[in-house]
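Order of the sequence lines sets the chain letters (A, B, ...), proteins ahead of strands, with each chain counted from 1.
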Amino acid sequence: MTDSTAETPRSPRDDSAAPNFIADIIDDDLRTGKNGQVLQTRFPPEPNGFLHVGHAKAICLNFTMAERAGFGLCNLRLDDTNPVAEDDVFVQSIQADVRWLGFDWKERIYFASDYFERIYECAVTLVKKGLAYVDSQSPEEIREGRGNYYQVGKNSPFRERSVEENLTLLTRMRAGEMKEGEAVLRAKIDMAHQNMNMRDPLLYRIRHASHHRTGDAWCIYPMYDFAHPLSDAFEGVTHSLCTLEFENHRPLYDWFIESIGGFQPVPRQIEFARLNLTYTILSKRKLQQLVAEKHVNGWDDPRMPTIAGMRRRGYLPESLRAFAERIGVAKRDSLIDVSLLEYQLREDLNAHANRTMAILRPLKVVLENFDEGREEVFEVPLHPEYPERGVRRVTLTRELWVERDDYMQEAPKKWFRLAPGKEVRLRGACLITCQSAVHDEAGNLIELRCTWDPESLGGSTPDGRKVKGTLHWLSTRDAVKATVRLYDRLFSEEDPEGHEGRSFLEFVNP
RNA sequence: UCUGGCAUCGUCUAACGGCAGGACAAGGGACUUUGAAUCCCUGAAUCAUGGUUCGAAUCCAUGUGCCAGAACCA
């Protein structure tokens with residue numbers, strides 16, 4: 001049992017950016033002076049849910065890549081272009097989680113919604129260049145017109161509207177004179193392009209919805225494909241890192257930057273493989289479902305793979321950062337074994353956490369030769385490897401709790417814990433020998449009758465005999481009942497080992 | 001049937017034409033007042049077939065497999 005509030009023996013930021021293919025690209029650009037003295041990345045989540053450990057990888061990557069040059073920066077940008085999905089509570093949680101991970105965007109927190117006016121101006125520019133048009137087809141007609149993987153699309157009947165007409169219609173769209181679905185603004189690219197993203201993609205759709213930041217100021221909202229490259233360009237982003245599923249969007253990203261023109265530096269999109277973890281759901285949609293259907297107690301439920309959930313569960317930010325560093329960055333789809341994450345956490349926790357003793361499923365032990373009312377106080381180091389951290393005091397009394405799993409009626413050969421006739425060490429206290437077990441009429445184990453060796457104070461063996469088992473224990477007198485809600489919930493409904501309900505109490509000494 | 005991307009130990013990842021290395025996991029051992037931690041050891045890989053080369057995981061060709069893509073989501 002551990003207490004993770006102990007101070008850290010490690011520097012909170014001793015991990016440096018490891019080489020990877022993105023670092024290589026950045027280093028090349030730095031060397032050739034492609035963007036001059038500018039190295040700018042950004043972490044751009046949509047505020048429609050809590051961040052999870054997959055986002056942690058992206059956060060670490062963007063911030064550490066920016067650190068490759070002394071002048072590099074990483075912005076936090078909330079990609080809030082879809083008012084119906086987004087909410088301010090997520091804006092808040094995202095900031096808290098990034099900060100908890102140990103990254104600082106300083107004053108550079110931006111919102112795509114702050115760019116709505118500029119993005120709109122870019123749309124007008126495209127219309128004036130004859131590169132965008134208002135399409136009045138229905139959503140179904142647009143979908144059908146797009147064709148499919150094997151069939152080219154066909155031009156919209158509205159594709160050749162005049163610049164003037166498009167400008168008028170776009171103005172009316174913005175003014176709220178049209179219903180949702182009545183019209184969209186599309187880029188005029190190529191309906192026969194092999195890349196479906198290039199078949200006249202949508203730039204704007206009409207949403208008569210209130211936005212969490214802009215309220216009712218707008219009723220048309222830019223699509224991700226349009227807003228994202230522009231937001232990057234506005235912020236001077238040089239390296240726009242995103243996950244593999246946007247690979248097919250890159251030609252469109254570049255098309256917008258080039259068609260609108262005049263941006264310096266020119267942002268470049270680079271894709272990497274998203275994090276997949278064994279036994280772990282990292283799909284925002286599914287996590288959303290767990291929350292919505294109340295299978296969990298909110299986004300920060302300790303069972304959730306969200307950063308907030310992991311924080312509540314006792315994860316350390318440096319463990320997440322070290323993990324991100326350890327798994328590397330590549331373009332191949334991967335499925336990381338969760339044991340790698342757990343290893344990293346154990347490593348950090350082992351160093352951080354002061355020790356205490358706990359009993360999850362108590363079994364009473366009575367020391368027959370230990371007088372009622374007597375007490376022996378022992379000092380046990382808070383951490384076996386860091387004696388300078390000090391000691392805690394534990395008191396031995398006649399009646400104790402030990403872990404139920406630490407006793408077996410019929411012990412196998414290599415069983416070093418309690419069994420009739422077996423001797424074990426109570427950590428930090430003494431040696432005890434199990435004399436007998438007491439059962440009730442139904443045959444349930446009630447308590448253990450043991451004897452202690454007064455010569456073994458502190459758990460030493462004056463005669464040098466070997467005792468292989470060392471057990472956690474608590475005095476029934478001053479054990480503190482500290483039922484952990486998570487544990488309670490995990491085990492109260494399903495009990496694979498058939499234990500009784502009361503056995504799930506947890507006791508921790510002070 | 002289309003377009004794009006990716007293939008190295010069980011899992012991640014390194015080697016950038018010159019000894020296939022590391023970590024996790026697994027197995028074995030030592031030590032231990034948490035069956036923890038720590039330490040040592042072992043097994044374990046270049047998708048396939050050709051080609052270029054003194055030399056190929058790396059370059060070329062062909063094939064195979066996997067992932068992504070047809071929201072007015074991001």
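Pair check for B/rA44 finds none; no Watson-Crick or G-U wobble contact set falls under 3.5 Å. If you check B/rA74 for Watson-Crick or wobble pairing at under 3.5 angstrom, you find it has no partner at all. Pairing partner, B/rC31: none, since no Watson-Crick or wobble contact has both distances short of 3.5 Å. A 3.5 Å limit on both hydrogen-bonding distances identifies B/rU11 as the Watson-Crick or G-U partner of B/rA23. In this structure B/rU3 sits in a base pair with B/rA68, meeting the Watson-Crick or G-U test at under 3.5 Å. With a cut-off of 3.5 Å on both Watson-Crick or G-U wobble distances, the partner of B/rU52 is given as none.
The A/S460 side chain lies nearest to B/rU33 when the options are B/rA74, B/rU11, B/rU33. Here the side chain of A/N248 is nearest to one of B/rC67, B/rU13, B/rA68, namely B/rA68. For A/I142, the listed nucleotide lying nearest its side chain is B/rC72; candidates were B/rC12, B/rC72, B/rC24. The side chain of A/I327 sits closest to B/rC12 out of B/rU13, B/rC12, B/rC73. Here the nucleotide nearest the side chain of A/Y149, chosen from B/rA70, B/rA37, B/rA23, is B/rA70.
In this structure a side-chain-to-backbone donor-acceptor pair under 3.5 Å is missing from A/E385 to A/A351. Under a 3.5 Å cut-off, the side chain of A/R404 and the backbone N or O of A/R361 do not form any donor-acceptor pair. Using a distance-only test at 3.5 Å, with no hydrogens or angles considered, a donor-acceptor pair links the side chain of A/R205 to the main chain of A/Y221.
Looking at heavy-atom distances under 4.0 Å, A/R146 makes contact with sugar-phosphate atoms alone, never a base. Residue contacts for A/Y221: at a heavy-atom cut-off of 4.0 Å it reaches no nucleic acid atom on any strand shown. Residue contacts shown for A/I336 are limited to sugar-phosphate atoms, with no base heavy atom under 4.0 Å away. At a threshold of 4.0 angstrom between heavy atoms, the contacts of A/R326 are confined to the sugar-phosphate backbone, with no base atom among them. Counting non-hydrogen atoms under 4.0 angstrom, A/D225 reaches nothing in the nucleic acid. Contacts of A/H228 with the nucleic acid, taken as non-hydrogen atoms under 4.0 Å apart, are absent. Using a 4.0 Å heavy-atom distance criterion, A/A273 is classed as making no nucleic acid contact.
In terms of position along RNA chain B, the nucleotide closest to A/S456 lies nearer the 5' end than the nucleotide closest to the other residue of the pair A/A183 and A/S456. RNA chain B is contacted by both A/G458 and A/E180; A/G458 maps to the nucleotide lying nearer its 5′ end (nearest heavy atom per residue).
Taking the six-membered ring for Trp and the full ring otherwise, the centers of A/F323 and A/Y343 sit at least 6.0 Å from each other.
Remark: A/R332 is in phosphate contact with B/rU13, judged by side-chain N or O atoms under 4.0 Å from OP1 or OP2. Here A/R205 reaches the OP1 or OP2 of B/rC73: one of its side-chain N or O atoms lies under 4.0 Å away. Neither OP1 nor OP2 of B/rC73 sits under 4.0 Å from any side-chain N or O of A/Y224. Remark: A/R346 is in phosphate contact with B/rA25, judged by side-chain N or O atoms under 4.0 Å from OP1 or OP2. The shortest distance between the side-chain N/O atoms of A/R285 and the OP1/OP2 oxygens of B/rA74 is not below 4.0 Å.
Here, B/rA37 and B/rG69 have their P atoms 41 Å apart, quoted to the whole Å. On the P atoms, B/rA70 is 33 Å away from B/rA48, given to the nearest whole Å. Annotation: B/rG5 and B/rC39 have their P atoms spaced 44 Å apart (nearest Å). Nucleotides B/rU46 and B/rC72 have their P atoms positioned 45 Å apart, rounded to a whole Å. The C1' atoms of B/rC41 and B/rG51 are separated by 42 Å, rounded to the nearest whole Å. If you take atom C1' in B/rG55 and the same atom in B/rC19, they sit 13 Å apart, rounded to whole Å. B/rG17 sits 13 Å from B/rC60 when the C1' atoms are compared, rounded to a whole Å. Look at the C1' atom in both B/rA23 and B/rU62: the space between them is 36 Å, to the nearest Å.
Checked by atom type, the side-chain pair A/D225/A/H249 shows a donor-acceptor distance below 3.5 Å. Judged purely by distance below 3.5 Å, without hydrogens or angles, the side chains of A/S136 and A/R161 pair a donor atom with an acceptor atom.
Summarising the geometry, the separation between OH on A/Y343 and P on B/rA23 is reported as 9 Å, rounded to the nearest angstrom. The distance from atom CG of A/L335 to atom P of B/rU11 is 9 Å, rounded to the nearest whole Å. In this entry the distance linking CG of A/N148 with P of B/rA71 reads 11 Å, nearest Å.
Taking the O4'-C1'-N9-C4 or O4'-C1'-N1-C2 dihedral as appropriate, B/rA15 has a value more than 90° from 0 and is therefore anti.
Using a 5.5 Å limit on the distance between ring centres and a 30° limit on the angle between planes, the aromatic ring of A/F416 does not count as stacked on the six-membered base ring of B/rG35.
Residue A/R250 places no side-chain atom within donor-acceptor reach of the base of B/rG4, judged by atom type and a 3.5 Å distance cut-off alone.
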